[in-house]
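Following: one structure in structure tokens, then a few remarks.
Labels below follow one simple rule: chain letters A, B, ... track the order of the sequence lines, proteins then strands, and each chain is numbered from 1.
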Amino acid sequence: MERVLADFVKTLRNANVQVSPAETLDAMEVLQNIGYEDKELLKNTLSLTLPKTPEEKEKFEICFEEFFQEKNESTSQETVDKKFSPTSFPLDNKSDRIQEFLEGSSSDLDLKISKAGEIVEVREIKYFTQRSVFSRKILEVMGVSEIEEYLSLLNIEKGEVPSDEEKQLRNQLANLRDKVSNFVQQQFLLHGDVSGEKLREQVFKSMNMGQIDRSYLNEVHSLVRRMAKKLANMHSRRKKNFRRAS
Amino acid sequence: MAKGPKDSIKAISKGFAKHNYVCSNQIATAVYLANELDKPILIEGPPGVGKTELANTAALHFKKELLRLQCYEGLDETKALYEWRYGKQLLYTQILKEQMQEVLDGAKGLEESLDRLMSFEDIFFSENFLEARPLLQALTSSEGNVLLIDEVDKSDEEFEALLLEILSEFQISIPELGVRKAEVKPLVILTSNNSREIGDALKRRCLHLYIPFPDASLEREIIQARVPEVNENLKKQLVSFVQGIRSLDLKKLPAISETIDWARTLILLNAKELNEDLARETLNVLLKHQQDVEVVQKELPSLVKASIH
């Protein structure tokens, strides 16, 4: 479970919530006391230990919901997706993996996707252009090429009219692709985006204000505000010392 | 019987309610964690939302003494930590001088006199002459207590640095006497109105609790707990009126303490329900700036109308 916390802290840092290693250790100590079972308690507790300003607390709320929602989804979606899981089909020459794929419930699928995500280290995603690469990698780990191969064999054997089984399999496959692509998108929002943001900030700092595109106006606003605050902090102290000395 | 954290948190909520403090889950969780893990709580939020009251209630709930340290600019360690009782120390040296005659009587030469002087127990710097201030009192008490460091943002940065050792190690170094470590760690509550940014080092050591203005249902509960005489209808109207005022752009928004004061005022005036005249006449209980009063007076008819329906 410590890994989950470490991942969550990383997500928070990505969202510009400054969390120090010591605070992470504090959070771990606290979690040993209260456990991970109760979501509301978990949220209240982490919100006391990790974010330390009202603004950070707001960001924390959003990050928490996004981060822990994906972990709860698997249980809630099970009933909804029942209709997708096929009953038995008279198939003989397919491998266990395909059988498993056809019969597995939606929650199993989610679990497998996140496991495959761990194998390909999807949390390392940095840029949005990497999304398709990671999607493909996850699909490969899950053995999609085997299913695709099987489908093409079916095509050759049975001619042009697709059987019910084939339709089912294609549906499942499309469903899987959607799920994986959503999963990667979510991971990108959690772990990635920031490098882009930081990169942009670096560029903005050295750019002529007039040349910055209007669509980035909000980002520039917050950047300027942060720079101004830093400046004010620096000089207010100096002013105070000066007054004291005189 | 071992209780889970959830039960303990509920118990705190209930215990606080007995002392007329209605607290959210978040607040109860903070108190529970602070008590279990010996971590200080730093409470931030607008004035009048019950930050100081939380410390008072915690002291009542845990049946511990409340030690309060009000911070202000220029607060230093002689006011916060300890001070030597100079007067008594001076008297002591005078007594010593008289006693010294007996000790040194018959000593030959400077060397022997010095030896005798050294062997004489010196209590010039000892607990006897130490005047403990709230921080030291909190650490040396054997029963444990609740230490409230109020409005820590009003103090200087130097004082904040002084707090670091106390809050993380629960100990104080007194150069003449050595380190004094707490036997029973106090429950420490710091409050801040954010008039200046508190240092990261201090924030790092604390659980951070932000108490915002309450929503309408929580505020009604608080009014019920604090001013039980107020009737259901009036309570709903006055809370909804105050919530309406908070949505305006004012210099100082009315806090819970002001809502409570206002409820008491209305009871005193025998009001059964809210109307425009009543609101206009008692507006200065809620608002503390003339320009805010002017802004609200313009909006008064619509505010009263909205809260009555």
Query raised in the report: Where does A/Lys57 contact chain B at under 4.5 Å (heavy atoms): side chain, backbone, both or neither?
Result: side chain

Requested in this report: Could you tell me which portion of A/Gln18 (side chain, backbone, both or neither) has an atom closer than 4.5 angstrom to a non-hydrogen atom of chain B?
Outcome: neither

Requested in this report: Under 4.5 Å heavy-atom distance to chain A, tell me which part of B/Leu42 shows up: side chain, backbone, both or neither.
Outcome: neither

Report task. Just say parallel, tilted or perpendicular for the rings of A/Phe64 and A/Phe8, cut-offs at 30° and 60°. Result -> perpendicular

Report summary line: Okay, B/Gln26 and chain A: the region with an atom under 4.5 Å from a heavy atom over there is both

Query raised in the report: What are the residues of residues 214-225 of chain B, in order of number, with any heavy atom under 4.5 angstrom from a heavy atom of chain A?
Result: none

Report task. Check each atom of B/Leu33 against the heavy atoms of chain A and say whether the ones under 4.5 Å are side chain, backbone, both or neither. Result -> side chain

Query raised in the report: When you measure from the side chain of B/Arg205 to the backbone N and O of B/Ser168, does any donor-acceptor pair fall under 3.5 Å?
Result: no

Requested in this report: Check whether any side-chain N or O of B/Glu258 sits under 3.5 Å from a backbone N or O of B/Ala255 as a donor-acceptor pair, and report yes or no.
Outcome: yes

Query raised in the report: Ion pair present between A/Glu23 and A/Lys52, side-chain N to carboxylate O less than 4.0 angstrom?
Result: yes

Query raised in the report: Do side-chain atoms of B/Asp156 reach the backbone of B/Gly74 as a donor and acceptor pair under 3.5 angstrom?
Result: yes

Report task. Answer with side chain, backbone, both or neither: which region of A/Asp38 has an atom nearer than 4.5 Å to a non-hydrogen atom of chain B? Result -> side chain

Query - Test item: B/Lys39 side-chain N/O and B/Val188 main-chain N/O as donor-acceptor pair under 3.5 Å - result: no

Query raised in the report: With no hydrogens and no angle check, is any side-chain donor or acceptor of B/Lys64 less than 3.5 Å from a backbone partner on B/Val146?
Result: no

Report task. Could you tell me whether A/Glu118 and A/Arg3 make a salt bridge, using a distance below 4.0 angstrom between a side-chain N and a carboxylate O? Result -> no

Requested in this report: Using a cut-off of 6.0 Å, state whether more than 12 heavy atoms not belonging to B/Lys154 lie near its atom NZ.
Outcome: yes

Report task. Look at A/Thr49, A/Leu41, A/Thr53 and state which one has the largest set of heavy-atom pairs under 4.5 Å with chain B. Result -> A/Thr53

